[in-house]
Amino acid sequence: MSYEPPITDYDEIVENCTCAFCGCNCDDLDYLVKNGHVVAVRHACRLGASKIMEDMDQRLIVPMVRGENGELEEVDWDTALDTAAEYIANSIRPVFYGWSETSTECMKEGIELGEYIGAVLDNQATICHGPSLQAVQNAGYPIQTLGEVKNRADMIVYSGSNAMNSHPRHMGRYSVFPRGYFRQRGRFDRTVVTMDPKFSDTAKMSDKWIGFEQNGDYGFYNAIRAVLKGKKLTQNVVSGIPAEDIYELVEEMKNAEFGVLFFGLGLTHTLSKQRNIDIAIKMVMDLNRFSKWGLTPMRGHFNVNGFNIFMAYETGFAFGVDFARGYTRYMLGETNTIDLLVRKEPDCFLVIAADPGAHFPNGANQHLADIPVIQIDIHWGPSTELADVVLPGSFIGVECAGTSYRMDGVPIYMKKAIDKPETCRDDEWIVRELKERVMKLREEPNVAPKYVPNPAAE
Amino acid sequence: MKTITFDVIKRNQIALEMDEVIPDNIYSWEAEDFDKYAVPVGNSRFPITDFFDITVEGTADSPAEVKMIFNGDCGRVKYIGNKMSAGEIIVNGDADLHVGAEMSGGAITVHGNCEAHAGREMTGGTLEIFGNTKEFTGASYIGEWRGMRGGKITVHGNAGKQCGECLVGGHIHVKGDCDILAGIHMRKGLIEIDGNVNRWPGGQMKNGNIIIRGRLGRLLEGFVEEGIVTNPVVNGIEFEGTFIQYKGDIALKGKGHLYIDAEKNRDKLSAWEDEDDEYISLGDNRLR
Amino acid sequence: MHYANTYLDKPVVGDLEEATTEGTEKVLHCMLNTGSDIYQGACKKRGSTLKEEYKNVSGTCYMDPRDMAALGVKNWDTVLVKTDYGEVVVNAAKSRDAPHKGTVFICKGPWANTVVSHETYCCSDPTYKGVKCTVEKTDRKVLLMADLMRWVYKKYVDETDDDVIENMESLGELPVYKGRKWEELK
Amino acid sequence: MEYILKNGIVYDPANEVNGEKKDVYFKDGKIVEDVSADAKVLDVTDKIVMPAGVDTHAHVAGPKLVLGRLYRPEDSRRGVTQKTKNERGESGFSIPSCPTTGYRYSRMGYGTVCEAAMPPLEAKHTHEEICIIPNIDINPLTLFGNNWFILEMARENKIDEMAAFISAWLKITKGYGVKIVNPCGSEAWGWGMNVHGYDDKPPYFDVTSREVVRALAKANEKLGLPHSIHIHPNDLGHPGNTNTTIETLDSLKDIVKSNSKAASVRDQIVHCTHMQFHSYTGTNWRDAGSGAEEVAKFLNHNKHVTGDIGQVTLDETTTMTADAPMEYDLYQLSGLKWVNADIECETAAGIIPCIYSPKTPVSTLQWAIGLELFLLTKNPWQINLTTDHPNAGPFTRYPRIISWLMSAPKRMSMIENEEVHNWAEKRTSLATLDREYDFYDIATITRASNAKVHGFTDRGNLSVGSNADIAVYDLEPNNFDPSKDPEAVEKAFSRAKYTIKDGQIMVQDGEIVSTKPSQVLWTNVKGMEDEEKAVLDQVMPFFTQYYSVKWENYKVHDHFLSNPIRVDIEMEGK
């Protein structure tokens with residue numbers, strides 16, 4: 001890497017912008033703007049800065065529809081929207097996936113469309129923190145805002161999360177390094193533990209690394225719980241960790257004044273999936289008998305939590321909500337995007353502010369090759385290679401304002417700093433247009449009246 | 001007695017939802033009633049006769065007198081026998097998700113494989129599956145802490161992960177192997193497994209009993225060995241053989257019991273040797 | 001355009017202690033993990049997914065140096081990773097998190113997707129981590145993103161033969177579409 | 001559009017109209033003296049006509065509601081209905097989704113609901129949800145009782161500064177009034193502790209609960225806000241907490257009520273919420289008993305207090321409160337899934353599913369204490385009907401509570417037939433109370449008094465000029481005995497014949513026929529600008545360093561308000 005001189009050539013600074021990358025939603029970013037472009041970003045991490053100073057080569061500017069020969073052709077908005085609306089209106093099992101990188105204002109339009117047509121609405125939680133939400137639904141959710149961590153925490157545990165890589169400012173702004181009200185010396189007042197099979201970059205920053213074996217998470221946390229209950233371990237090594245290390249760790253956790261467990265996809269993606277989180281949550285609850293403990297899932301996209309919150313207050317369910325029968329339904333293994341795709345059920349797929357091409361396993365994406373895919377996004381990505389209609393949206397938090405929810409549930413109104421490219425449209429506008437066009441094409445909303453042929457039996 | 005036969009004409013890629021076609025609703029239906037009925041598929045409804053050749057024989061005055069027979073591949077027919085309270089359903093072929101979920105009585109027999117959620121939150125009746133099932137057999141629906149409450153599930157093949165999750169009553173008998181975390185969060189009832197078990201049965205269980213006749217891959221630390229028992233009587237049933245008895249999950253002050261066959265798990269009594277248990281039990285239960 | 005300042009041709013990886021040419025194993029049995037790292041994240045979200053850079057940050061298998069020695073591969077050699085769910089050619093590079101013998105790591109992205117398990121076990125989430133795989137040395141080249149998508153999903157090619165598609169003319173590092181001027185569309 | 005509600009039997013306690021047969025006219029959303037001949041006639045001959053209901057205390061929108069919904073899909077599954085032409089699909093029993101909340105309130109004839117706890121940091125979230133709830137107006141109360149700035153100001157007894165702070169924070173959060181939850185206790189919970197009693201201090205803050213509550217009450221009266229302080233005292237749900245409750249309320253006796261125009265609507269200087277949870281005697285749950293008599297006696301002798309009950313309805317529900325340590329205690333008892341949500345420098349919250357079973361002694365005791373409080377408090381203007389939704393039961397059970405209050409034989413039969421545990425008889429005086437509410441009393445405790453407590457003049461009554469918020473119930477009070485037929489009472493109050501909100505017919509024969517967006521009510525104090533600026537300057541360095549958001553992102557932007565109703569308060573003497 002070479003030295004990069006500071007940018008001095010800019011027209012104006014827009015202060016206190018919110019980063020649209022990860023669940024940290026850092027809201028202290030300053031954009032340096034020149035000629036309507038962000039030329040530099042202050043305070044952002046490498047990830048945030050790179051996203052805000054996007055690659056214009058691959059920016060989607062004009063709507064496109066896949067032509068006869070399989071090549072995308074630029075078209076006008078009416079044609080693109082009509083084509084997309086037709087696909088949606090004629091579908092029986094539409095899935096609207098994504099939403100995590102757009103605003104809750106856009107989701108409002110989306111849920112109206114979804115309810116009208118009877119679609120499945122799902123977001124990225126389905127492939128990242130879905131198991132966490134399921135564990136929350138089984139075990140509970142002792143959470144706290146990140147400021148609480150900053151002001152009080154003296155023990156921070158990262159489990160299955162590589163914050164240094166995926167949430168680079170998390171440690172610096174919220175958890176480990178900042179000087180909090182009761183932790184005036186910052187890093188020196190805190191103990192940091194990383195639990196990860198790999199000696200990750202976060203582990204390198206920690207006081208302690210617990211390198212339990214791959215897929216051994218459940219057994220490991222169960223052992224901690226047993227020790228918390230006063231049991232002597234029978235095995236010398238549990239999930240790759242020597243028993244004495246477990247005793248020592250438990251002692252430390254019990255003696256913390258305020259501990260926080262941050263967990264990431266390392267727990268949600270391995271063998272026992274939601275049960276890893278389930279037992280980690282229970283462990284945190286047990287620890288509350290000795291001192292104060294809480295946890296926070298390290299949510300990936302900046303508004304992935306927002307969608308879950310939004311769906312919960314709109315429908316009562318957090319993600320994977322199926323409106324097909326005219327009422328809401330949430331059933332694991334049945335109304336989730338990956339399961340639907342693997343079962344080859346959907347016949348129309350709308351992807352908004354997400355990239356299944358980059359994130360879904362082959363087995364799921366294969367079905368996208370067989371059905372119409374409508375993409376609303378800002379960049380040409382792997383999903384564009386599978387898309388039949390491409391609708392260029394705008395960049396929330398830079399070109400367009402909107403609400404998002406931080407990983408701890410704090411809402412933030414992300415402001416607009418520059419204008420979007422002339423030919424792009426706001427996500428909210430695109431979805432509203434789609435909704436109106438679909439409503440014209442399919443006049444009868446899907447109400448699917450309950451069919452009771454034998455009233456006596458009801 | 002009324003026998004209604006559903007012969008599969010075509011397998012639809014988008015699953016049919018048969019939650020309305022259960023004995024409780026259709027006992028008085030004649031062939032022409034089926035002709036009028038449209039079955040939910042995705043966000044629409046289609047005539048049920050598009051998918052099944054339906055023949056009705058005999059008459060019935062109550063759901064209990066109904067016998068429904070499905071012939072053919074019902075691998076895309078969801079909710080067979082969902083919430084039924086009486087009658088009999090026989091599936092000669094595979095069945096999709098939610099077979100016999102929330103049923104309170106009657107009998108369902110599946111002669112093929114089942115997808116996940118079989119017998120979830122059932123409160124009574126019997127469910128017999130001759131093939132394999134997938135995850136969450138006899139479990140609770142997400143969020144609920146009270147799973148299957150009564151009745152009996154027999155699986156002749158293998159069961160997937162988290163079989164009998166949150167069980168609060170009833171009897172699950174798996175004649176094949178079980179994947180990880182059988183009987184997790186269980187509070188009452190009995191899970192009987194004749195085959196091998198992958199890992200961690202009874203995680204966070206509060207009460208209830210799990211019997212494993214095959215080999216166990218890995219046991220949780222939350223279980224305390226209580227000794228060796230011969231021919232234990234569990235939930236009123238006598239189990240022949242010698243078993244190692246554990247109590248757990250003590251991480252939760254649990255008082256449940258886990259019995260594993262002493263012969264096949266001899267090593268558990270002496271030194272615990274770590275071994276690669278990844279694929280101990282995984283029979284071919286993941287047929288798509 | 002102003003992306004260049006954070007542009008990296010390849011992620012920074014450590015040097016191998018000794019240059020190995022001959023390996024002792026032909027096929028290595030490993031555990032495959034996927035996930036994000038900062039290079040992949042920055043490149044993906046900047047939107048540079050068609051570029052060579054994305055191929056290097058995402059289509060790279062990070063390995064323990066002992067495993068690399070056993071296979072006889074150097075940094076930025078190509079390896080073929082196979083699982084029950086598919087196969088893909090990726091670069092090999094020394095892991096920054098080593099040692100973790102027997103475990104390989106591919107950043108999430110189209111390359112990893114080709115080989116991870118789609119099984120969700122009724123939990124909505126596919127199994128991205130802890131998939132058994134084999135790793136072997138290969139001469140085949142790592143495909144650019146657009147070429148890879150064409151090779152794996154074949155959505156817009158009539159050809160079905162993998163080998164033929166793999167050797168088709170590359171779609172390159174810039175978007176391929178029938179361009180018309182916006183003004184003409186109105 | 002003009003309407004005549006013809007020949008109804010009108011109960012309007014605010015205007016002392018008790019069961020008179022008369023017509024009600026309304027036009028363009030307001031109740032009017034008379035209408036022209038074109039007016040549409042709604043024939044409600046002999047049916048009950050009341051102002052639309054006002055809920056004094058419920059939790060209907062906000063971050064902890066959403067956590068509840070997020071983690072209890074099994075509850076959402078219990079209330080799922082098909083969408084219809086006029087309404088979206090419903091879901092949920094104890095924590096219904098936002099649209100469902102609006103529909104169900106409308107169906108019961110309610111028009112205004114107070115969202116009782118809004119944490120300032122997440123106020124935007126509360127307002128977002130309020131936007132989604134249809135048909136009802138909502139006035140959110142901002143949480144102040146554990147705010148670090150408030151704790152510090154209370155310690156130094158800086159009432160003027162505190163008044164300016166409240167005034168500023170109500171503007172920032174778009175809140176209606178001052179809510180206090182377990183003062184100092186939720187702060188202590190930051191360290192996993194609680195305060196015990198009224199004179200305890202949280203760690204590190206040298207201030208007692210008493211000082212905080214008194215300071216807030218004084219500041220509230222200094223500003224002359226329409227609502228008094230709204231307090232959830234310490235020790236909720238602990239046997240023996242009656243003393244704390246009475247001590248808390250008694251300590252505010254000497255505070256002088258503001259004589260501002262807004263404050264003159266109400267009589268009280270403190271509103272004590274869900275009193276049922278604060279009226280236990282004994283030392284633990286084994287020897288617990290009812291403190292209802294003591295609390296009711298205190299109420300009967302002290303006019304500066306109003307309260308709502310928080311009646312247990314014997315359902316499976318979800319408890320959620322900013323009193324997080326109490327929720328942890330509950331979790332220890334039940335072992336069910338526990339949610340905790342601490343909010344930096346401000347408050348905390350806890351949630352847990354709760355099964356109030358009539359078969360268990362404690363639930364029955366709570367049920368009986370609630371009814372005792374209703375029946376022993378002499379003046380219905382001092383108490384309001386609530387279930388502290390969803391804590392003691394969902395709001396959809398209000399009609400059932402009404403039927404219990406109106407029918408002594410119903411209550412007796414529940415006790416005698418052992419539908420409830422025998423603690424109801426053994427440990428409370430419920431079986432000896434034969435008072436029955438009449439429709440006038442019911443109208444008082446569900447509408448008139450509630451509106452008065454919150455300082456509303458434009459609702460909760462049928463005066464000319466008030467909002468046309470009217471409910472009509474399908475009962476003919478002149479030839480019907482509610483005491484004998486409690487089921488009919490419950491049915492009628494569950495499904496209003498008409499619910500009219502701002503002159504728009506929302507519900508007809510128990511079905512939703514139209515919807516309108518909700519409105520949020522918030523209080524805007526005028527004339528404190530300089531003091532507010534001074535206090536902001538003072539707190540800003542602290543805010544910048546110890547909050548995790550920027551000041552610019554802290555306040556509720558106008559974007560989040562849907563059709564706000566701003567209540568302007570002119571500061572006296574300015």
Side-chain angles (χ1 to χ4, degrees), chain A residues 4 21 39 46-47 49-51 53-59 62 64 67 70-76 126-127 130-131 134 165-166 168 198-200 214-215 265 268-271 273-274 320 332-333 336 338-339 342 357-366 369 379-382 385-386 423, chain C residues 1-3 5-6 8 31 33 35-38 41-50 85-86 96-98 100 103 105 108-110 113-118 120-130 145-146 149-150 152-157 174-180 182 185-186:
Chain A
E4 293 173 10
F21 193 99
V39 290
R46 183 191 185 87
L47 294 176
S50 81
K51 180 165 181 189
M53 297 195 294
E54 54 186 328
D55 181 353
M56 288 305 283
D57 283 1
Q58 282 181 233
R59 181 66 196 252
V62 178
M64 291 183 286
E71 193 174 2
L72 282 171
E73 286 178 33
E74 299 195 336
V75 293
D76 58 88
T126 204
I127 55 159
Q134 293 157 34
N165 273 239
S166 52
K198 279 196 315 176
F199 188 52
S200 63
Q214 186 86 31
N215 290 342
L265 301 184
T268 67
H269 282 165
T270 48
L271 182 68
K273 295 197 172 172
Q274 76 267 55
L332 297 171
N336 300 112
I338 299 290
D339 294 284
V342 171
H359 299 144
F360 283 2
N362 177 4
N365 272 344
Q366 285 294 354
H379 286 122
W380 185 295
E385 302 290 336
L386 297 171
T423 51
Chain C
M1 294 304 155
H2 43 266
Y3 62 81
N5 281 354
T6 50
L8 266 181
M31 178 86 86
N33 278 338
S36 58
D37 88 347
I38 195 159
C43 181
K44 166 79 183 68
K45 287 295 161 69
R46 185 166 66 234
S48 306
T49 45
L50 291 164
Y85 307 93
R96 295 184 296 277
D97 306 331
H100 48 68
T103 304
F105 179 83
K108 64 184 177 194
N113 291 342
T114 313
V115 288
V116 294
S117 158
H118 58 258
T120 67
Y121 306 106
C122 267
C123 167
S124 80
D125 204 341
T127 309
Y128 286 115
K129 293 185 165 71
M145 186 277 280
M149 296 300 280
R150 179 173 64 183
V152 179
Y153 303 110
K154 307 179 185 67
K155 185 159 181 174
Y156 304 110
V157 285
L174 283 174
V176 177
Y177 57 93
K178 215 174 199 169
R180 279 188 280 174
W182 173 247
L185 296 169
K186 290 193 183 149

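A, B, ... follow the sequence lines: proteins, then strands. Residue 1 opens every chain.
- When all heavy atoms are compared, the tightest approach of A:Q274 to C:C123 is OE1-SG, 3.4 Å.
- The side-chain heavy atoms of C:T49 and A:H379, taken from C-beta on, include no pair separated by under 4.5 Å.
- Residues C:L50 and A:E385 are in side-chain contact: their nearest non-hydrogen atoms beyond the backbone lie under 4.5 Å apart.
- Rounding to the nearest 0.5 Å gives a distance of 9.5 Å between CZ of C:R46 and CD of A:Q58.
- Here the side chains of C:L174 and A:D57 are in contact, with some heavy-atom distance below 4.5 Å.
- Side chain of A:E74 to backbone of C:Y177: no donor-acceptor contact under 3.5 angstrom is found.
- Across C:G41, C:A98, C:P126, C:A146, the residue that shares the most heavy-atom pairs under 4.5 angstrom with chain A is C:P126.
- Within the 4.5 angstrom heavy-atom criterion, atoms from both the backbone and the side chain of C:V176 approach chain A.
- Of the residues considered (C:I38, C:T114, C:V116, C:T127), C:I38 shows the highest number of contacts with chain A, using heavy-atom pairs under 4.5 Å.
- If you measure heavy-atom distances from A:E71 to chain C, the contacts under 4.5 Å come from the side chain alone.
- Ranked by heavy-atom pairs under 4.5 Å with chain A, the list C:K108, C:M145, C:H100 is led by C:M145.
- When side chains are defined from C-beta on, C:H118 does not count as touching A:N362, because their heavy atoms never get closer than 4.5 Å.
- Between chain A and the options C:C43, C:G109, C:P175, heavy-atom pairs under 4.5 Å are most frequent for C:P175.
- Here the closest heavy-atom approach between residue C:C122 and residue A:L332 is recorded as O-CB, 3.5 Å.
- Taking 4.5 Å as the limit, some side-chain heavy atom of C:Y153 sits within range of a side-chain heavy atom of A:N365.
- Of the two parts of C:K154, neither the backbone nor the side chain holds a non-hydrogen atom closer than 4.5 Å to a non-hydrogen atom of chain A.
- Distance check, rounded to the nearest 0.5 Å: OH of C:Y128 to CG of A:L265 gives 9.5 Å.
- With hydrogens and angles left out, the side-chain atoms of C:T103 and A:Q214 include no donor and acceptor closer than 3.5 Å.
- When each of A:G67, A:G357, A:G130 is scored by its heavy-atom pairs under 4.5 Å with chain C, the top score falls to A:G357.
- With rounding to the nearest 0.5 angstrom, the NZ atom of C:K45 is 8.5 Å from the CG atom of A:L47.
- For the pair A:K273 and C:Y121, the cation-pi criterion (under 6.0 Å, within 45° of the ring axis) is not fulfilled.
- Looking at heavy atoms from C-beta onward, C:K129 lies out of side-chain contact with A:L271 at the 4.5 angstrom threshold.
- Atom-to-atom distance recorded for A:T268:OG1 and C:D125:CG is 5.0 Å, nearest 0.5 angstrom.
- Looking at A:N165, both its backbone and its side chain come within 4.5 Å of chain C, counting heavy atoms on both sides.
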